[in-house]
Amino acid sequence: MSDFYHDEQDSDRFRRRLLVAGAVVLLAFLLLFSRFFYLQVLRHAYYTTRAESNRISLVPIVPNRGNIVDRHGVILARNYSAFTLEITPSKTLDLETTIDGLAGIVEIQAKDRRRFKRLLKESKTFESIPIRTRLSDVEVARFTANRFRFPGVEVKARLFRQYPEGALAAHAIGYISRINAKDEEAIEDKGQTANYKGTDHIGKIGLEANYEYELHGTAGYEQVEVDFVGRAVRVLSRTPPVSGNNLTLTLDSKLQKIAEQAFGGRRGSLAAIDPSNGAILALVSSPAFDPNLFVDGIRFDDWDDLNNNPDKPMLNRAIYSAHPPGSTFKPLMALGALTSGKRTPAYAIADPGYFDFGNRRFMDDKVGGHGAVDMFKSIVVSCNTYYYRLANDMGIDAIARFMGDLGLGSKTGIDIPGEASGILPSPQWKQRRYTKKEQQSWFPGETISVGIGQGYNAYSTLHMAHALANVVNYGTVFRPHLVRTVSNPNSGEARAIEADPVRQIALKTEHVDLIKRAMAGVVKEGTASRAFAGAAYQSGGKTGTAQVFSLRGGKYVAGQVRERLRDHSWYIAFAPVDQPRIVLAVMVENGGFGAQSAAPIARQVFDYYLTGQAATGPAPESEAPGEASDGPLFEDEPHEGD
């Protein structure tokens with residue numbers, strides 16, 4: 001009886017254990033099934049994609065960058081094919097040994113090794129990475145003969161950027177160079193990260209930068225099947241890249257070349273505009289630089305030469321450097337006086353050769369003065385006294401309002417980056433400019449200096465050319481621009497850059513005509529007459545001489561002043577007089593009198609553009625018949641004019 005009882009107890013325990021074990025096994029299978037269901041059903045799409053991504057990689061194909069040509073089709077920026085020595089890390093047993101061996105066949109510098117190591121960190125093992133670019137034919141032949149020694153190394157043809165005209169219009173065109181961390185942030189902000197996979201270069205300045213996303217194009221890609229160690233097995237599919245758009249400029253490269261040569265290496269700038277539509281015909285910043293130096297990474301010695309050059313060749317003077325415009329400001333002042341009603345054309349003053357204001361005497365350049373001076377004569381003889389009085393009568397607020405309407409003191413909107421606003425002085429500007437209360441007050445005597453283009457006035461040559469274009473165009477304002485059309489190289493479809501007026505300034509035709517006649521008088525009988533003697537066309541202009549430093553009682557003699565302290569030479573002009581086709585502003589740093597250095601440069605530009613006569617060298621300096629100095633000049637501070 002006892003044995004039977006124990007057997008029954010054992011049997012119950014066994015059944016309980018069996019049930020527990022069965023429940024555990026069932027639970028385990030349920031968990032396993034649920035996990036399988038989760039992975040195979042609920043997460044099927046996700047893990048299929050993961051598996052495919054492990055098996056298939058996308059290799060980007062860099063698109064062909066768009067070309068840049070001038071208005072006549074002359075190529076200013078293009079691409080060319082060159083041979084590159086490239087290594088595929090996954091096919092190479094020992095990278096360092098391979099590179100050392102290659103160095104015995106082709107020249108591999110330390111910078112090439114550094115670049116390769118950086119690209120190696122950013123690339124996948126099956127992607128080929130350049131160790132040397134732009135191989136010569138001899139180097140290609142030498143490697144080909146030894147190719148069997150270097151598995152995973154091959155020569156490929158790649159596209160490189162080239163600027164065939166070298167330094168011509170370099171500041172306007174700009175250049176491309178290698179993408180850095182700052183560029184990557186900008187690309188990410190634009191949502192272009194995927195499109196720039198595989199791209200090494202990007203536009204840095206000028207049109208190359210401003211039209212980067214037009215020029216770059218759309219990247220293509222190859223679907224490559226890879227094995228478990230990342231080696232490429234085969235190409236599954238290929239999506240070709242779309243080439244970037246081409247830019248056709250408003251620039252005339254021949255005119256640009258003549259203008260640059262006219263400077264003869266002197267520091268300065270020039271801006272030439274078609275007043276009928278705002279098209280930039282020439283944009284010069286002298287001295288310039290060769291953009292080809294930057295394409296594959298500029299050498300340290302070259303960068304050191306450019307960066308430490310006291311003439312600052314990397315500075316775009318035409319749109320950034322701002323200087324007092326001197327007497328070139330006077331025609332604009334005269335037009336402002338007519339528009340505001342502060343002067344009539346016939347109103348004349350008796351010029352004694354000075355203007356007394358408070359306890360200060362502002363001197364003219366001509367001892368004894370110019371006699372009776374009306375508005376026409378004030379521009380032709382560049383009478384300072386006339387504009388001292390006019391500035392005082394108009395007041396700084398009226399001057400600032402009118403000059404602001406002409407576009408001074410603000411960016412013109414030209415389609416390249418780096419433009420400065422310049423300085424249009426006013427009481428409000430002074431309050432923003434200075435933090436100390438005692439410096440914020442506007443003094444009436446400061447208005448006198450502003451009236452002759454001195455004082456706080458500071459504008460670029462683009463500012464002055466734009467303002468004059470607005471005048472001769474009778475107040476119709478166009479945005480200055482360098483690009484005429486953006487065209488698709490595949491379809492041939494071209495998109496014109498708008499040339500519609502952006503606004504209208506309220507100017508009276510008779511007032512503008514008077515200013516134009518007076519500026520024509522400057523060329524016929526005034527300070528620019530010698531520079532334009534014998535010209536086959538009629539032009540209007542105004543010379544200007546802007547002081548760099550105060551004489552403080554000394555007599556200005558150019559030959560006795562250090563070169564970089566001499567006056568700046570200005571000239572603004574338009575031609576022909578009746579229907580202007582070109583407006584320009586020229587400034588030669590430390591060039592002396594406006595008629596001496598700047599006006600002859602303008603003559604060469606006009607000669608070519610209007611008659612086809614091409615000069616072959618620097619513009620000769622001209623002697624000018626007395627131009628007013630653009631002081632202001634005080635009684636104890638004589639300063640000889642042109």
Side-chain angles (χ1 to χ4, degrees), residues 1-63 86-98 116-130 151-154 156 179 181 184-200 218-242:
M1 185 76 181
S2 157
D3 290 340
F4 176 78
Y5 176 76
H6 286 298
D7 288 341
E8 189 174 337
Q9 284 183 330
D10 290 342
S11 222
D12 289 340
R13 282 197 299 271
F14 176 75
R15 282 194 296 271
R16 286 196 298 270
R17 291 174 181 172
L18 186 60
L19 287 172
V20 171
V24 170
V25 171
L26 180 61
L27 180 62
F29 273 102
L30 286 173
L31 291 173
L32 186 61
F33 176 78
S34 63
R35 184 61 177 169
F36 283 159
F37 182 81
Y38 173 78
L39 294 175
Q40 298 292 333
V41 178
L42 299 181
R43 300 285 283 174
H44 173 77
Y46 172 75
Y47 284 105
T48 298
T49 304
R50 287 285 301 271
E52 284 297 303
S53 66
N54 288 333
R55 185 179 71 89
I56 300 173
S57 290
L58 295 179
V59 179
I61 306 173
V62 180
E86 305 195 7
I87 302 174
T88 304
S90 63
K91 297 180 180 179
T92 306
L93 297 177
D94 188 330
L95 277 175
E96 288 299 327
T97 302
T98 298
F116 180 84
K117 289 180 180 179
R118 178 175 59 81
L119 294 175
L120 182 63
K121 295 178 182 178
E122 302 170 357
S123 306
K124 296 180 180 179
T125 58
F126 60 83
E127 294 177 347
S128 62
I129 303 171
V153 183
E154 58 185 330
K156 289 187 176 181
I179 293 174
E184 289 175 349
E185 291 179 7
I187 290 170
E188 185 175 354
D189 291 342
K190 291 282 187 179
Q192 293 283 323
T193 302
N195 194 33
Y196 275 75
K197 290 292 185 184
T199 299
D200 298 326
T218 304
Y221 61 88
E222 288 180 341
Q223 282 191 328
V224 179
E225 184 178 0
V226 296
D227 61 18
F228 69 98
V229 294
R231 287 191 295 261
V233 176
R234 57 176 174 153
V235 176
L236 300 177
S237 65
R238 186 178 191 274
T239 300
V242 178

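Interatomic distance, CG of Leu30 versus CG of Leu26, reported as 4.5 Å (0.5 Å rounding). Rounding to the nearest 0.5 Å places CD1 of Ile129 at 8.0 Å from CG of Leu95. Remark: Ile187 CD1 to Thr193 OG1 distance equals 7.0 Å, nearest 0.5 Å.
The environment of Lys197 atom NZ is sparse: at most 12 non-hydrogen atoms of other residues, nucleotides or ligands sit within 6.0 angstrom.
For the residue pair Pro63 and Thr218, the shortest heavy atom distance occurs at CB-O, 3.5 Å. Among all heavy-atom pairs drawn from Asn195 and Ala219, the shortest one is OD1-N, 2.7 Å. A pairwise comparison of heavy atoms in Ile61 and Thr239 identifies CD1-O, 4.0 Å as the closest pair. Gly152 approaches Lys91 most closely through the heavy-atom pair CA-CB, 3.6 Å. Here the closest heavy-atom approach between residue Gly198 and residue Val62 is recorded as O-CG2, 3.1 Å.
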